[in-house]
Student: 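Structure below; questions to follow.
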Amino acid sequence: MKVFKFGGASLKDAAGVKNVASILQRYKDEQLVIVVSAMGKTTNALEEVVAAHAKQTGEAQKLFDALKERHYTIMRELFDEGDDVFAAVNDTFVEGDWVLEEKPADNYDYMYDQIVCVGELVSSKITGAYLNKIGLKTQWLDARDVVATDNTYREGWVIWDKTRANAEKIVAPMFAQSNFVVTQGFIGSTSENFTTTLGREGSDYSAAIFSFCLDAESMSIWKDVPGVLNADPRLFENTVKLDRLSYKEAIEMTYYGAQVIHPKTIKPLQNKNIPMFVKSFLNPDAPGTEISSDTEDNYPPIVVVEKNQALLHISTLDYSFVAEQHMARLFRKAADLRIFVNMMQNTAISFTICVPNVPDRLEQFVREISDEFKVKMEEGLELITIRHYTQETIDNLKKGKIVLFEERIRSTMHMVVKNIPVIERRETDLAGSKS
Ligand code: ADP
Ligand code: ASP
Ligand code: MG
């Protein structure tokens, strides 16, 4: 059994669904769990619906109806009028309507999950129905019956034992009926049967959860790039594809924000030694990138840029040294507020951290430690990580930037830099010359 994951980019329109089906046609004799994301930018659109509902702007239902219509347009291209799929998708949309008819829940994150899950639910219904229509027998699985999480809405933590037991009980027997099982990425459910989501871009992680729990032979995620590249192609020219990556290298890259794979994806696969492939849905014959084992290749410099960072310079109000008990308190607070510390450095009287600038949470952090600490915040920064750096790459990346903070640990270099217009950056050629 293998696990395949198709993201929003691969299912953005009717042609996308047909293309995914044509890829799957090649695997019709294999047992596959097919994990799908919401179509195109549906999750962003659903986030707008949630925000409008929370603020009661009066726009929520209109925005939701527009999103429904976009799905119906795709469906009309794929199915004949009166196909059962229209009623099945409508049932899911009606559940969304019910949430919007109620007063907004006090818990924003809870409400978010109950609405945003609609994207994956309808996309999997449409994909499953289309596969059946073209003769690829496929069963639809509600991922919430399998993926058990705690009730951290918008970032559900997987309860592995329970999820594994569910997968064995529910999913494994489904292969007696058909080779294909289609399900949703990104969503799970609590013990009280409320829907949770696993964090934005979490469908890759869902695929890894299914792979781990079902002891998959391999997992493939199908993207709009030829594989994992040594930098984000939207920011850099002359990127190169990495044919093979160790689990460790992939974890390092994604931990520091390489957006091609969700950071939580690799670990479960590594634990069971399940190989993962990143393949192009535009060129399914090409080999893509294989992530497996821990043998290291000779890597070129690999660059990861994480935007929207802030530096917090923290010092004690009484000018005492920043000691271990202070740091213990600061880290406890950061963990409670789910503020992820990317880099840190301390001197005798100050402690500096680089963190993603998550709205509200940083202000809350600063407020809640203000009895003991003074904080100076610098915003609008980027964290650049270079694995296997060379002096040439560093020099190229520093051009036209102010470096506020830098650190080298073995083969990794991190630097926090200020304001770099993307236009300028695209002129940076990773190979060294100006393009
Ligand atoms: P999905 O459709 O599965 O959600 P994503 O859009 O989340 O796919 O991820 C694929 C995108 O990740 C690519 O289009 C590319 O722009 C971006 N990306 C960022 N860093 C890299 C990298 N190092 N290698 C390949 N793609 C990258
Ligand atoms: N649809 C979700 C998102 O856009 C999950 C995913 O695509 O991985 O974040
Ligand atoms: Mg994505």
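As the structure is a computational prediction, the values presented were derived from the model and not from experiment. Order of listing sets the numbers, starting from 1, for every ligand and every atom in it.
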Student: Does Arg244 come within less than 4.0 Å of Glu249, counting only side-chain N to carboxylate O?
Tutor: no
Student: How would you list, by chain and number, every residue that makes a salt bridge (charged side-chain N to carboxylate O under 4.0 Å, His left out) with Glu155, sequence neighbours excluded?
Tutor: Arg338
Student: Got the closest protein heavy atom to atom 5 (P) of ligand 1, with its distance?
Tutor: Lys223 NZ, 4.0 Å
Student: So is Lys5 polar-close to ligand 1, meaning N/O to N/O under 3.5 Å?
Tutor: yes
Student: Looking at Arg76 and Asp83, is there a salt bridge between them, counting it only when a charged N and a carboxylate O are closer than 4.0 Å?
Tutor: no
Student: Are any of the N or O atoms of Ser10 closer than 3.5 Å to those of ligand 1?
Tutor: no
Student: Given the ring of Tyr389, does Arg408 sit roughly above its face, with NZ or CZ under 6.0 Å from the centre of the six-membered ring and within 45° of the axis?
Tutor: yes
Student: Tell me which one of Lys12, Glu201, Arg234 gets a heavy atom nearest to atom 4 (O) of ligand 1.
Tutor: Glu201
Student: Is the shortest side-chain N to carboxylate O distance from Lys418 to Glu382 below 4.0 Å?
Tutor: no
Student: Parallel under 30°, tilted from 30 to 60°, perpendicular over 60°: which one fits the rings of Tyr108 and Tyr112?
Tutor: tilted
Student: Counting both backbone and side chain atoms, is some N or O of Leu229 under 3.5 Å from an N or O of ligand 1?
Tutor: yes
Student: Under 2.8 Å from the Mg ion (ligand 3) - does any N, O or S atom of Asp204 fall there?
Tutor: no
Student: Between Tyr256 and His414, what is the ring plane arrangement, given parallel below 30°, perpendicular above 60°, and tilted in between?
Tutor: tilted
Student: Just heavy atoms, cut-off under 4.0 Å: does Asp232 contact ligand 1 by side chain, backbone, both, or neither?
Tutor: both
Student: Should Gly227 be listed as contacting ligand 1, given a heavy-atom distance under 4.0 Å as the test?
Tutor: yes
Student: For ligand 2, list every N/O pair with the protein closer than 3.5 Å, one pair per line with the distance.
Tutor:
residue	atom	partner	partner atom	Å
ligand 2	1 (N)	Thr43	OG1	2.7
ligand 2	1 (N)	Glu120	OE2	2.6
ligand 2	4 (O)	Thr43	OG1	3.3
ligand 2	4 (O)	Arg200	NH2	2.9
ligand 2	7 (O)	Ser37	OG	3.3
ligand 2	8 (O)	Glu201	O	3.4
ligand 2	8 (O)	Gly202	N	3.4
ligand 2	8 (O)	Ser203	N	3.0
ligand 2	8 (O)	Ser203	OG	3.1
ligand 2	9 (O)	Arg200	NE	2.6
ligand 2	9 (O)	Arg200	NH2	3.4
ligand 2	9 (O)	Glu201	N	2.7

Student: Is it true that Arg154 and Asp113 have a side-chain N and a carboxylate O under 4.0 angstrom from each other?
Tutor: no
Student: Check the pair Lys241, Thr289 against side-chain hydrogen bond (donor to acceptor under 3.5 Å, both in side chains), reporting the backbone distance first and the verdict last.
Tutor: CA-CA 8 Å; Lys241 179 177 80 82; Thr289 297; 4.7 Å; no
Student: So which bit of Val225 gets within less than 4.0 Å of ligand 1, heavy atoms only: side chain, backbone, both or neither?
Tutor: side chain
